[in-house]
There are 2 protein chains.
Amino acid sequence: MTADSNTTTRHAPATEATAAGLPALPQMDSIIGYKLRRAQLLVFQDFLQSFAKLNLRPAEFSVLAMIARTPGLKQSEIAAALGIKRANFVALMDALEKRGLADRRKGDIDRRSHALHLTPEGTRFVRKMMAVWNTHENRMIDRLGGPAERDLLIGLLDRLLAPDATPDA
Amino acid sequence: MTADSNTTTRHAPATEATAAGLPALPQMDSIIGYKLRRAQLLVFQDFLQSFAKLNLRPAEFSVLAMIARTPGLKQSEIAAALGIKRANFVALMDALEKRGLADRRKGDIDRRSHALHLTPEGTRFVRKMMAVWNTHENRMIDRLGGPAERDLLIGLLDRLLAPDATPDA
DNA sequence: ATCTTATTGTTCTAGGATATAACAATTAGC
DNA sequence: GCTAATTGTTATATCCTAGAACAATAAGAT
């Protein structure tokens with residue numbers, strides 16, 4: 001079950017040079033970046049389906065979750081924490097504000113910054129959002145095998161991200 | 001701030017309600033999809049830098065690698081194997097053909113399909129490509145801690161992808 | 001204080017990746 | 001032979017990401 005049962009066809013002799021003298025071609029299935037991309041797309045796909053009713057995308061989810069957890073942060077702080085360029089954050093925040101879920105409040109000390117907060121409706125929304133997210137996340141954890149495997153995966157991904165982690169945002 | 005098992009699963013009150021009565025907000029850092037996305041972006045970033053000289057993007061790499069490993073496959077087969085819609089595959093293949101790295105040959109049995117092959121120059125290119133890729137992949141493996149951790153990670157990602165894996169393509 | 005530099009939010013723009021619909025050529029089923 | 005399905009293709013729309021530039025504001029140096 002967990003061996004070499006790959007989808008990727010199986011013509012070629014595998015080990016031998018396929019084209020003229022090509023050494024050891026890697027199987028796409030064993031490439032870190034490729035697997036990461038496929039897995040991420042799958043998880044996001046599940047996320048999008050789960051949140052179709054609430055009409056919420058991953059980026060919006062992450063922003064709401066951050067504001068709920070730490071209200072009052074500046075736009076640039078949240079953007080940086082999430083790895084989103086502040087230029088791209090604007091439209092995102094505009095949408096959340098237009099939906100009445102969050103709002104920007106002019107900073108009193110630094111009047112060019114905007115402190116982000118949930119509206120009362122936003123708070124109610126986040127409650128529903130978290131319920132949906134829980135079933136989504138649990139589905140992913142189930143696929144992995146359980147919480148232990150989840151922790152293991154997170155740990156491995158953290159290693160990848162550790163060194164220079166945030167490429168600035 | 002190292003290990004620490006997170007509480008993202010079902011139960012777990014974790015912290016106090018942040019906003020008005022919000023239960024257990026998850027830390028973005030413990031969310032599978034979020035971590036996957038960040039890690040994938042980091043790996044792709046490294047990939048793009050590594051391949052800046054060769055002017056090659058991940059998707060093109062994967063196509064060349066597949067053609068090199070299994071020449072003669074149809075366009076739609078390679079596209080499906082890589083999770084690329086055949087509509088989006090056209091421009092990709094156009095570019096590779098324009099660069100003289102691969103070509104389409106009309107199938108003799110089924111004349112609407114195109115069998116994909118590397119050109120001689122494509123074969124030479126793939127050789128250089130694999131050299132670059134090796135140092136890139138080794139850098140990622142080093143970050144993870146070693147080949148054992150790489151295998152572990154791949155295994156965990158395979159679990160995620162296992163069930164319905166290919167969302168069709 | 002003033003002059004210069006940096007930060008914050010913003011707009012505009014451009015590239016890439018992904019998704020769907022439709023179409024011509026070809027093949028397969030009946 | 002007629003109808004339905006497949007293959008490659010074009011066209012299109014959306015989202016995500018990235019970079020440059022700008023006004024308002026703040027911070028630092030003189």
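Throughout, protein chains are lettered first and strands after them, A, B, ... in sequence-line order, and every chain is numbered starting at 1. When reading the values below, keep in mind they use all heavy atoms of this one structure, side chains included, and skip hydrogens, waters and symmetry mates.
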**Request:** Please state how far atom CD in A:Glu60 lies from atom C1' in D:dT14, giving the value in whole angstrom units.
**Result:** 13 Å

**Asked** At under 4.0 Å between heavy atoms, what does A:Asn88 touch on the DNA or RNA strands: base, sugar-phosphate, or nothing?
**Response** base

**Fill in**
Side-chain atoms of B:Arg112 come closest, of D:dT6, D:dT10, D:dA24, to D:dT6

**Request:** Could you state the atom-to-atom distance from CD1 of B:Ile84 to C1' of C:dA19 in whole Å?
**Result:** 14 Å

**Prompt:** Roughly how many Å is it from NE2 in B:His114 to C1' in C:dA25, rounded to a whole number?
**Reply:** 10 Å

**Request:** State plainly whether the residues A:Asp103 and A:Arg105 are in salt-bridge range, i.e. N to O under 4.0 Å.
**Result:** yes

**Asked** Which sits closer to the 5' end of DNA chain C, A:Ala87 or A:Arg37, going by the nucleotide each is nearest to?
**Response** A:Ala87

**Message:** Please report whether the ring centroid of B:Phe61 lies less than 6.0 Å from that of B:Phe47.
**Reply:** yes

**Prompt:** Starting at CD1 of B:Ile78 and ending at C1' of D:dT7, how long is that distance when rounded to a whole Å?
**Reply:** 14 Å

**Message:** Taking only side-chain N and O atoms of A:Ser76, does any of them lie within less than 4.0 angstrom of OP1 or OP2 on C:dG9?
**Reply:** yes

**Fill in**
Regarding the side chain of B:Arg57, the nearest nucleotide among D:dT9, C:dG16, D:dA18 is C:dG16

**Prompt:** Counting any heavy atom closer than 4.0 Å, what does A:Leu92 reach on the DNA or RNA strands: base, sugar-phosphate only, or nothing?
**Reply:** nothing

**Request:** Test for a donor-acceptor pair under 3.5 Å between the base of D:dG8 and the side chain of B:Arg86, counting only N and O atoms.
**Result:** yes

**Message:** Using whole Å, what does the distance between atom P of nucleotide D:dT6 and atom NZ of B:Lys85 come to?
**Reply:** 15 Å

**Complete:** Whole-Å distance, B:Met93 CE to D:dT7 C1', equals 15 Å

**Request:** Look at all strands and tell whether A:Leu48 reaches a base, only sugar-phosphate, or nothing, counting heavy atoms closer than 4.0 Å.
**Result:** nothing

**Request:** Assign each of A:Ile109 and A:Ala59 to its nearest nucleotide of DNA chain D by heavy atoms, then name whichever residue's nucleotide is nearer the 5' end.
**Result:** A:Ala59

**Prompt:** Over how many whole Å does the gap from A:Phe89 atom CZ to C:dC12 atom P extend?
**Reply:** 19 Å

**Message:** Could you measure the distance from the CG atom of A:Leu161 to the CG atom of A:Leu156? Nearest 0.5 Å is fine.
**Reply:** 11.0 Å

**Asked** Applying the 4.5 Å side-chain criterion to the ILVMFWY set and letting contacts propagate, would A:Leu41 and B:Leu41 be lumped into a single cluster?
**Response** no

**Message:** Distance check needed: C:dA19 P versus A:Phe44 CZ, whole Å only.
**Reply:** 14 Å

**Residues A:Leu157, B:Leu153; criterion side chain to side chain contact (heavy atoms under 4.5 Å, CB included); working and verdict** = CA-CA 8 Å; A:Leu157 297 179; B:Leu153 175 59; 4.0 Å; yes

**Request:** Assign each of A:Val90 and A:Leu41 to its nearest nucleotide of DNA chain C by heavy atoms, then name whichever residue's nucleotide is nearer the 5' end.
**Result:** A:Val90

**Prompt:** Looking at the side chain of A:Gln75, which of D:dT9, C:dT10, D:dA26 is the nearest nucleotide?
**Reply:** C:dT10

